[in-house]
Amino acid sequence: MQDKIAALDPQGMFDAVKGFPDHFREGWTRAADFRPTHRAVDLRQVVIVGMGGSAIGGDLVRTYCRDSAPVPISVVRDYALPASVGEGTLVIASSYSGGTEETLAAFDEATERGAAIYAITSGGELQRRAERDGLPHVVIPGGLQPRAALGYSLGALLRMANKIGLCDVTDAEYHEALDVADACVEEYADTDANEALELARILEGKVPIIYTGPGLMEAVGVRWTNQIHENAKQLAFGNVFAELNHNEIMGWESAPAAVRTLLHVVVLRDADDHPQIRRRIDVTRDLLAGEAAGWTEFAPRSKGKLARMLSMIQRGDFTSYYLALLVGVDPTPVESIQQLKRTLAEA
């Protein structure tokens, strides 16, 4: 595998993937001096706006805080904000580049509506506007692909949420999570043999279908599909139990065999999955036996919620990276995305 890394990864995505724990530490540290002007108990809602690699951090924080946040948290991937945004709403604008046009448009709309606004960025126009308006914000290191900078944005955003009162990340939980994350790098960076590489070999030539419960793993599943899209340049899809049992499961009945034999299901379980979700996963696996090309399940081995989240993110990131090498593509460039942006700019 080392020869493939040398040939196909000239821009060093492997180093960026391995750097996730250090990036998370740095993002968390960058937010140490962040001073919120609002507390969650005084708000009606929190809305995180962003796109792509910047938005997924919002989804991860939303699911992490689901059982503790005293107000609703939503993630908006759009130019426009919901009608409910106004006074009493905290809008957190997250744009790694600082120039994401959708996020900047939402920022301006939040300003017009009188919402409180915080920002996370590596610079650019978003930093300029935050400094112009005297808004609380965290500046994280730049220079990476946005998806490869998740550790920075997630660490900063989670500490921001902690300070606002949306969650309570204890020192013990934080340190356990980083110890687990470091161990994941040591395990998955072994290019001779590891579980992420093994899964990538299983997924080569297949279309991954990522299924999770609606709790902690929901956003992790989105991260898996997005990383397979951008790193491996392969299609991947996902859904959530129990919702998929009310609709998508029927799509397997009459799908052409040529399609079904390409679909490999990957289920991300979690210790906090509802007992009925666990049962639904088991029953669905039995029903789809022989229908899909294969069925693989994973569950975090660690106990703490943050450790479980970070470890499963890393398993997916490494899997998508190795899959890119196996199918023979450079994991870094995203030419179709850049071409779309250029065409829009010309218009």
Side-chain angles (χ1 to χ4, degrees), residues 1-2 4-32 50 52-61 64 94-98 120-123 138-160 169 174-192 194-197 199-200 219-220 223-224 226-232 300 302 306-325 329-334:
M1 192 58 65
Q2 285 292 340
K4 290 183 179 293
I5 293 174
L8 295 171
D9 187 18
Q11 298 181 62
M13 180 60 76
F14 193 44
D15 290 335
V17 173
K18 291 189 294 182
F20 178 86
D22 289 335
H23 298 169
F24 186 90
R25 286 186 183 90
E26 180 68 16
W28 182 269
T29 300
R30 292 284 181 113
S54 298
I56 190 61
D59 279 320
L60 291 163
V61 168
Y64 179 88
S94 178
S95 169
Y96 182 63
S97 68
I120 299 174
T121 183
S122 69
V138 177
V139 179
I140 55 179
L144 296 175
Q145 289 285 333
R147 66 189 184 276
L150 174 63
Y152 291 133
S153 58
L154 177 59
L157 182 57
L158 186 61
R159 194 164 200 181
M160 187 181 285
V169 182
Y174 170 80
H175 289 296
E176 181 214 6
L178 268 300
D179 287 344
V180 169
D182 288 334
C184 285
V185 172
E186 184 175 355
E187 177 182 355
Y188 299 142
D190 181 350
T191 57
D192 292 326
N194 66 76
E195 290 185 349
L197 176 56
L199 178 60
V220 176
R223 171 69 172 181
W224 275 58
N226 290 348
Q227 288 292 85
I228 292 169
H229 293 156
E230 293 194 70
N231 284 344
S302 47
L306 184 57
R308 301 198 312 267
M309 174 183 281
L310 298 191
S311 66
M312 292 297 274
I313 289 170
Q314 289 178 276
R315 186 189 287 265
D317 285 3
F318 274 97
T319 296
S320 70
Y321 176 82
Y322 288 128
L323 182 58
L325 301 185
V329 300
D330 184 338
T332 301
V334 282

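What you see below is based on every heavy atom in this structure, not just the backbone, and it leaves out hydrogens, waters and symmetry mates.
With Thr121 contributing its side chain and Ser95 its backbone, the two residues share a donor-acceptor pair below 3.5 Å. Judged purely by atom type and a 3.5 angstrom limit, Glu230 has no side-chain atom pairing as donor or acceptor with the backbone of Val334.
Side-chain contact between Met312 and Arg223: absent, with no pair of heavy atoms (C-beta onward) separated by less than 4.5 Å. Looking at heavy atoms from C-beta onward, Thr191 lies in side-chain contact with Tyr322 at the 4.5 angstrom threshold. Inter-residue side-chain proximity for Pro21 and Val185 is flagged as met; some heavy-atom pair is nearer than 4.5 Å. Between Ser153 and Ser54 there is no side-chain heavy-atom pair separated by less than 4.5 Å. Side-chain contact between Val61 and Met160 is absent, with no heavy atoms from C-beta onward closer than 4.5 Å. Looking only at side-chain heavy atoms (C-beta outward), Asp182 and Arg25 come within less than 4.5 Å of each other. Looking only at side-chain heavy atoms (C-beta outward), Pro141 and Arg30 come within less than 4.5 Å of each other. Considering only heavy atoms from C-beta on, Leu325 comes within 4.5 Å of Ile5 through its side chain.
Looking at every heavy atom in both residues, Ala32 comes nearest to Arg159 through CB-NH1, 3.3 Å. In terms of heavy atoms, Gly53 sits closest to Leu150 at O-CD1, 4.3 Å. For the pair Ile140 and Ala156, the tightest heavy-atom approach, listed with the atom from each and the gap, is CG2-CB, 4.1 Å. Between Pro331 and Ala324, the shortest heavy-atom distance links the atoms CB-CB, 3.9 Å. Scanning both residues, Ala177 and Leu306, for their nearest heavy atoms gives CB-CG, 3.6 Å. Minimum heavy-atom separation, His23 to Ala148: ND1-O, 3.6 Å.
Taken to the nearest 0.5 Å, the CH2 atom of Trp224 stands 13.5 Å off from the CD1 atom of Ile56. Atoms CG and CG, on Leu154 and Leu60 in that order, are 5.5 Å from each other to the nearest 0.5 Å. Separation of atoms CD (Glu195) and OG1 (Thr319) is listed at 9.5 Å; rounding is to 0.5 Å. In this structure, CG on Asp15 lies 7.5 Å from CG on Asp9, to the nearest 0.5 angstrom. In this structure, CG in Leu178 is found 7.0 Å from CG in Leu310, a value given to the nearest 0.5 Å. Atom-to-atom distance recorded for Met13:CE and Thr332:OG1 is 4.0 Å, nearest 0.5 angstrom.
A perpendicular orientation is assigned to the rings of Phe14 and Phe318, their planes being inclined by more than 60° (bins at 30° and 60°).
Arg147 pairs with exactly one of Asn226, Asp317, Asn231 by the side chain to side chain donor-acceptor pair (under 3.5 Å) rule, that one being Asn231.
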